[in-house]
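Quick notes on the structure that follows.
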Amino acid sequence: MNGREHWGSRIGFILAAAGSAVGLGNVWKFPFITGMYGGAAFVLFYLISILFIGLPVMLIEFSIGRRTQLNPVGAFRTLAPKGPWFLVGVMGVTVGFIILSYYSVVAGWTLSYILKAVVGGFNGFSSPEVAGEAFAAYSSHPVWPILSHAVFMFLCVWFVSRGVKSGIERGNRILMPTLFLIILLLIIRGVTLEGSGEGLKFLFKPDFSKLTPNAMLVATGHAFFTLSLGMGAMLTYGSYLSKKEDLVRSALWIMVADTGVALLAGIAIFTAVFAMGFEPNAGPGLVFHVFPAIFAVMPGGVFFGILFFLLLSIAALTSGMSLLEVVTAYFIDQRGWSRHKASMVFGFLIFLLGVPSALSFGVLGKVHIFGMILFDFFDYLSFKYMLPLGGFLMVLFTIFRWKPQSLLEELRKGGPALKISTGLATLLLLISALFVGVTFVAGILGKA
Ligand code: PFF
């Protein structure tokens with residue numbers, strides 16, 4: 001489409017897409033769900049999911065985005081003008097809205113923890129229990145979490161309103177290299193602690209008895225979440241690509257960066273957890289209870305603590321931008337809004353939707369949906385159900401409506417001639433659809 005803004009460079013696009021993928025999912029969620037669902041066997045299933053469904057769905061999203069040069073709703077409408085396929089796009093935009101609302105709450109916590117560390121070191125966090133109480137007091141406060149959530153949303157709007165090239169791309173060019181550097185420093189700190197070997201064993205030595213169907217669905221859902229797939233974020237980023245880009249190579253780079261950061265963060269975190277004698281299964285509070293306690297006693301703790309929460313905040317920001325961009329792109333393309341207006345209005349509405357999640361650890365703690373507090377409800381609904389469902393439908397769309405041939409054609413533009421027949425591509429897509437479908441059903445039935 002004429003006049004659509006494009007990425008300024010290949011590396012800019014890769015950094016931005018990797019920035020979307022690498023987020024709280026890698027540094028906050030991956031470690032705690034690995035801790036909760038049994039360690040290495042879970043990690044293995046997650047890696048298999050990344051390969052069998054992550055790669056195909058990412059290629060599908062990039063291809064559809066670049067082909068149509070549109071947001072998720074417009075893209076499906078263009079490729080399938082008749083029929084209900086555009087609803088996959090509608091669901092994507094909606095999920096983007098929901099995810100960012102609670103994601104921003106956690107991101108706000110990380111911003112506050114940088115401040116806490118700078119102002120007070122980690123004084124008063126001497127054990128996980130004490131640190132846990134401090135976290136409970138903070139997260140249940142009726143004002144602070146909302147304020148920090150607002151600051152985070154403001155930052156997302158700030159970058160997105162500036163545009164694809166001068167906002168999102170420029171931000172990622174600075175933030176992503178910083179993130180890699182910080183993680184490197186943290187790993188060196190983790191593995192040089194005495195007793196770190198136990199942490200490595202926990203991450204890399206599988207115990208398959210822990211791998212229940214529910215754990216598998218969580219692993220698959222997480223594969224989508226961590227790669228920003230199933231809701232059109234990569235589709236939207238792909239829509240700012242020109243025909244010159246090699247989609248397969250870009251996708252591989254992004255996957256390696258994302259998986260690499262998750263594993264490296266896992267190493268940095270579990271080596272420290274085990275070396276300092278803490279429990280790995282502390283749940284969502286892991287990085288907020290256990291970590292401040294670790295930093296309180298670790299040599300150089302305040303410095304590494306500040307770096308750690310800075311890492312979380314940067315990771316969250318580059319992902320938050322991509323979530324807001326999905327909603328923004330929809331209102332620019334389909335409704336003719338200006339970028340400024342779309343990003344500000346929706347940044348504000350997403351902030352409002354996030355307020356109940358922010359309060360669900362305190363004053364709204366008694367409000368439950370399906371037995372979960374609001375924050376958990378939004379999280380589970382989106383990452384465990386809606387993303388896998390969205391991804392599943394995208395694969396079905398490609399097999400039965402858009403056709404594998406069209407996907408291959410798009411992938412061959414800008415890349416080396418892919419030596420893969422249409423038959424084989426169809427087979428691979430069927431395998432990934434089956435993979436998601438079976439995990440989804442087994443997880444729902446098995447969970448009960
Ligand atoms: N991939 C991000 C993370 O791992 O934290 C989360 C995310 C971003 C999910 C963008 C979905 C999305 F569209």
Side-chain angles (χ1 to χ4, degrees), residues 15-34 46 49-50 53-54 57-58 60-62 65 71-72 88-89 91-110 152-153 156 159-160 168 172 175-176 179 183 218-239 251 254-255 257-266 284 287 311-330 346 350 378-391 394:
L15 285 176
S20 169
V22 174
L24 292 173
N26 304 59
V27 194
W28 164 69
K29 196 174 222 178
F30 176 68
F32 92 72
I33 53 179
T34 300
Y46 152 79
S49 306
I50 292 273
I53 50 180
V57 175
M58 189 176 289
I60 288 173
E61 289 208 23
F62 281 163
N71 67 92
V88 179
M91 185 166 92
V93 175
T94 314
V95 182
F97 199 95
I98 296 176
I99 294 183
L100 186 51
S101 74
Y102 72 83
Y103 197 83
S104 167
V105 172
V106 182
W109 296 344
T110 68
F152 181 79
M153 281 311 303
C156 291
F159 281 101
V160 170
I168 299 176
N172 275 286
L175 294 171
M176 288 308 284
L179 180 143
I183 215 157
V218 172
T220 304
H222 185 67
F224 279 103
F225 186 87
T226 189
L227 290 171
S228 308
L229 295 174
M231 51 150 285
M234 290 302 179
L235 189 157
T236 306
Y237 272 15
S239 76
I254 294 156
M255 288 180 51
D258 185 73
T259 311
V261 170
L263 292 177
L264 292 178
V287 304
L311 167 78
L312 277 163
S313 304
I314 292 177
L317 183 58
T318 53
S319 301
M321 285 180 216
S322 72
L323 286 159
L324 183 58
E325 179 60 23
V326 175
V327 184
T328 304
Y330 168 72
F346 282 90
I350 290 169
F378 286 132
D379 183 28
Y380 273 78
L381 177 71
S382 49
F383 103 90
K384 220 170 132 188
Y385 301 105
M386 291 176 89
L387 293 184
L389 182 63
M394 286 183 195

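Read the numbers this way: they start at 1 and go in the same order the structure lists the ligands and their atoms. Count residues from 1 along the sequence.
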Side chain to side chain contact (heavy atoms under 4.5 Å, CB included) partner of Leu227, chosen from Ile53, Val22, Ile50, Val57:
Ile50

Counting only nitrogen or oxygen atoms and a 3.5 angstrom limit, does [X] reach ligand 1?
X	value
Ile99	no
Gly25	yes
Leu387	no

Can you tell me how far the [atom1] atom of [X] sits from the [atom2] atom of [Y], to the nearest 0.5 Å?
X	Y	atom1	atom2	result
Asp379	Ile98	CG	CD1	11.5 Å
Met234	Ile254	CE	CD1	5.5 Å
Leu311	Leu179	CG	CG	5.0 Å

Starting from [atom], which protein heavy atom do you reach first, and at what distance in Å?
atom	result
atom 2 (C) of ligand 1	Ser20 O, 3.3 Å
atom 4 (O) of ligand 1	Ala21 O, 3.0 Å
atom 5 (O) of ligand 1	Tyr103 OH, 2.5 Å

Which is it for [X] and ligand 1 at heavy atoms under 4.0 Å: side chain, backbone, both or neither?
X	result
Ser228	both
Lys29	neither
Phe225	both

Measure up the Tyr46 and Phe30 rings against each other and bin them: parallel (under 30°), tilted (30 to 60°), perpendicular (over 60°).
tilted

Hey, can you tell me if Phe383 and His222 have their rings parallel, tilted or perpendicular (30° and 60° cut-offs)?
perpendicular

Proximity flag Gly96 to ligand 1, non-hydrogen atoms under 4.0 Å:
no

Can a non-hydrogen atom of Trp28 be found less than 4.0 Å from any atom of ligand 1?
no

